[in-house]
Amino acid sequence: MNFSDKVVYQIYPKSFRDSNGDGVGDIRGIIDKLDYLEKLGVDYIWSTPFFVSPMNDNGYDVADYRAIDPGFGTMADVEELIAKADAKGIGLMFDMVFNHTSTQHEWFQRALKGEQKYLDYYIFKDGTPDKIPTNWESKFGGPAWEYVPHLKKWYLHLFDVTQADLNWENPAVRAELKEILKFWRSKGVKGFRFDVVNLISKPEQFIDDDRGDGRRFYTDGRHVHEFLKELVAEGGIDGMITVGEMSSTSLDNCIRYSNPNEHELSMVFSFHHLKVDYKGGQKWELMPPDIGALKKLFATWQEGMSDAGGWNAVFWCNHDQPRAVSRFGDGSPCAAKMLGTAIHFMRGTPYIYQGEELGMTNAGYTSIEQYRDVESLNYYDIMLKNGKTVEQAIEILAARSRDNGRTPMQWSAEKYAGFSSVEPWIIPPNNFTAINAQAEVDEPDSVFNYYRQLIELRKKYKIVADGDIKFVEPDNADVIAYERSLDGQKLIVLCNFRPHDVRLERSIKELGGQKLIGNYDGLEEYLRPYEAVALLL
Ligand code: GLC
């Protein structure tokens with residue numbers, strides 16, 4: 001099955017809508033807002049996890065894959081959500097965190113009791129506390145191993161110490177995970193997102209990494225393609241919409257993950273384009289985005305996947321990323337529309353992250369007390385330890401923290417942005433009085449209505465969904481520009497990433513064609529600040 005004319009909307013339930021006045025978003029909050037999503041026109045909702053969890057990593061530390069965390073609601077709420085969304089033609093995609101479980105999960109708890117069956121579910125290594133098995137680093141900072149004194153063993157955790165990596169080499173683990181997929185499928189779930197799924201296959205030997213943090217040993221690991229094929233076939237989900245989150249992956253692997261002939265996944269998230277503002281490749285070192293590099297990456301991935309029959313999930317924002325409009329633009333509605341244009345005409349299935357369709361910006365926090373995310377709090381300490389001043393660390397978090405994408409959805413100009421009746425678990429940016437759904441839904445020129453049109457155009461024009469793609473204006477480091485083509489028809493998309501006018505190799509007049517959409521009135525020969533336009537030739 002092909003998902004080329006579909007659009008997915010990502011919800012981070014904790015920050016979407018609080019229906020019961022406890023300051024935390026919940027499942028009923030999503031149900032309340034289905035009309036809004038129907039109006040926007042999306043086909044699927046991917047919700048990040050709401051399963052039972054101690055919430056050390058906001059639900060990515062799952063303690064029970066088949067039960068709903070009471071903080072989010074009940075199984076009845078989830079069933080109602082699936083049914084009500086379905087009635088509107090919107091399918092639910094659930095987020096499967098299968099690389100690791102919470103250490104609160106029954107499997108890990110039984111492993112801690114020394115039960116061999118469950119010790120084999122995880123990656124335990126015998127040892128002494130003075131000798132860590134390898135020098136690998138956790139993605140959230142610090143070592144990737146934790147010692148359990150009473151077992152005299154270390155366990156691997158690529159993420160938080162409370163997120164223990166599962167041992168996929170063990171067929172019993174794989175069997176458990178397939179059953180979980182079947183369970184949710186039988187509840188009417190239409191698809192799945194698989195968390196960091198290219199990290200599931202660990203190496204045979206665990207050895208020190210003298211060149212990095214260990215990732216080269218387990219990223220796109222030796223059995224990952226086999227494991228995925230087995231999970232999809234035996235979990236009974238072939239043909240459903242599936243997307244894998246691929247950490248530090250390669251184009252070749254992503255082609256295999258997503259080419260329909262391989263029967264692995266329907267599409268992949270890769271993240272190289274979201275590292276073009278990492279100074280020296282370091283997330284916690286700031287530099288302005290390198291638009292020339294961004295353009296090359298898009299060209300490589302878009303054309304490379306196209307040539308080999310792979311399929312991208314195309315996106316700017318998610319719950320792990322700062323807001324694109326603050327990062328690649330100036331925070332204005334104009335820049336928000338330009339960024340939407342750049343992604344929505346690409347070859348791939350677009351994902352919209354809650355609030356992106358309103359032009360929501362970074363949080364603008366000025367003190368560490370405002371942050372909640374485990375990664376941000378860990379790295380704040382690490383940055384101070386490494387000699388950064390408090391001001392520098394706060395400036396870096398303000399640009400890079402995952403909390404920038406986790407602030408409450410801005411529903412209205414009312415107190416707490418209409419998200420909740422009480423102070424939310426994390427505070428909204430001050431700009432919610434201007435940027436909010438209530439102000440935008442009926443305003444024809446709003447970012448919301450621009451996104452609505454972008455979705456409509458993908459459904460209306462086959463060339464947007466299925467056309468080939470080729471990048472143009474290769475030497476212009478100010479614009480992202482590409483051409484789609486199908487059956488002799490052409491569509492040209494031009495996006496200016498600069499706050500000033502930019503001239504093109506071929507002027508807009510020379511190109512001619514019919515304007516499908518754009519974020520300015522009329523057309524000039526050049527692109528105005530953050531202007532985007534799509535022309536059908
Ligand atoms: C993914 C999730 C992120 C989480 C991590 C560990 O990257 O998107 O939020 O912290 O995996 O599960």
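Both counts, for ligands and for their atoms, begin at 1 and track the order of listing. Just so we're clear, the structure is a prediction, and the values are computed from it rather than from any experiment. If you read the sequence from its start, that first residue is 1, and numbering goes on from there.
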message: At under 4.0 Å between heavy atoms, is it the side chain or the backbone of R402 that contacts ligand 1, or both, or neither?
response: side chain
field: Residue pair D95 / T48, side-chain donor-acceptor N/O under 3.5 Å
entry: no
- prompt: How about Y155 and F108: are their ring centres within less than 6.0 Å of each other?
  reply: yes
R406 neighbourhood, listing ligand 1 atoms whose heavy-atom distance to it stays under 4.0 Å: 9 (O)
field: Distance from atom 7 (O) of ligand 1 to nearest protein heavy atom, with residue and atom
entry: E245 OE2, 2.9 Å
- request: Give the contacting part of K139 toward ligand 1: side chain, backbone, both or neither, where contact means a heavy-atom distance below 4.0 Å.
  value: neither
- request: Considering only NZ, NE, NH1 and NH2 on the basic side and carboxylate oxygens on the acidic side, decide whether E179 and K182 come within less than 4.0 Å.
  value: yes
query: Should the pair W168 and F227 be assigned to parallel (<30°), tilted (30 to 60°) or perpendicular (>60°) ring geometry?
result: tilted
query: Within 45 degrees of the axis of the six-membered ring of W411 and under 6.0 Å from its centre: does K33 put its NZ or CZ there?
result: yes
query: Quick one: does NZ or CZ of K14 land under 6.0 Å from the six-membered ring centre of W425, within 45 degrees of the ring axis?
result: yes
- prompt: What atoms in ligand 1 come closer than 4.0 Å to a heavy atom of V196?
  reply: 1 (C), 7 (O), 11 (O)
- prompt: Nearest protein heavy atom to atom 8 (O) of ligand 1, by residue and atom, and its distance?
  reply: D320 OD2, 2.5 Å
query: Salt bridge or not for D26 and R28, using N-O below 4.0 Å?
result: no
message: In this structure, does ligand 1 have an atom that sits under 4.0 Å from one of the heavy atoms of H100?
response: yes
- prompt: What residue and atom, counting heavy atoms only, is the protein's closest point to atom 12 (O) of ligand 1, and at what distance?
  reply: D195 OD2, 2.7 Å
field: Side chain, backbone, both or neither: the part of Q321 lying under 4.0 Å from ligand 1 by heavy atom
entry: neither
- prompt: Does a salt bridge link K139 with E375, judged by any charged N lying under 4.0 Å from a carboxylate O?
  reply: no
- request: Mind checking whether F140 contacts ligand 1 via backbone (N, CA, C, O), side chain (CB onward), both or neither, at a 4.0 Å heavy-atom cut-off?
  value: side chain
field: Shortest protein contact, atom 4 (C) of ligand 1 (heavy atom only)
entry: D57 OD2, 3.3 Å
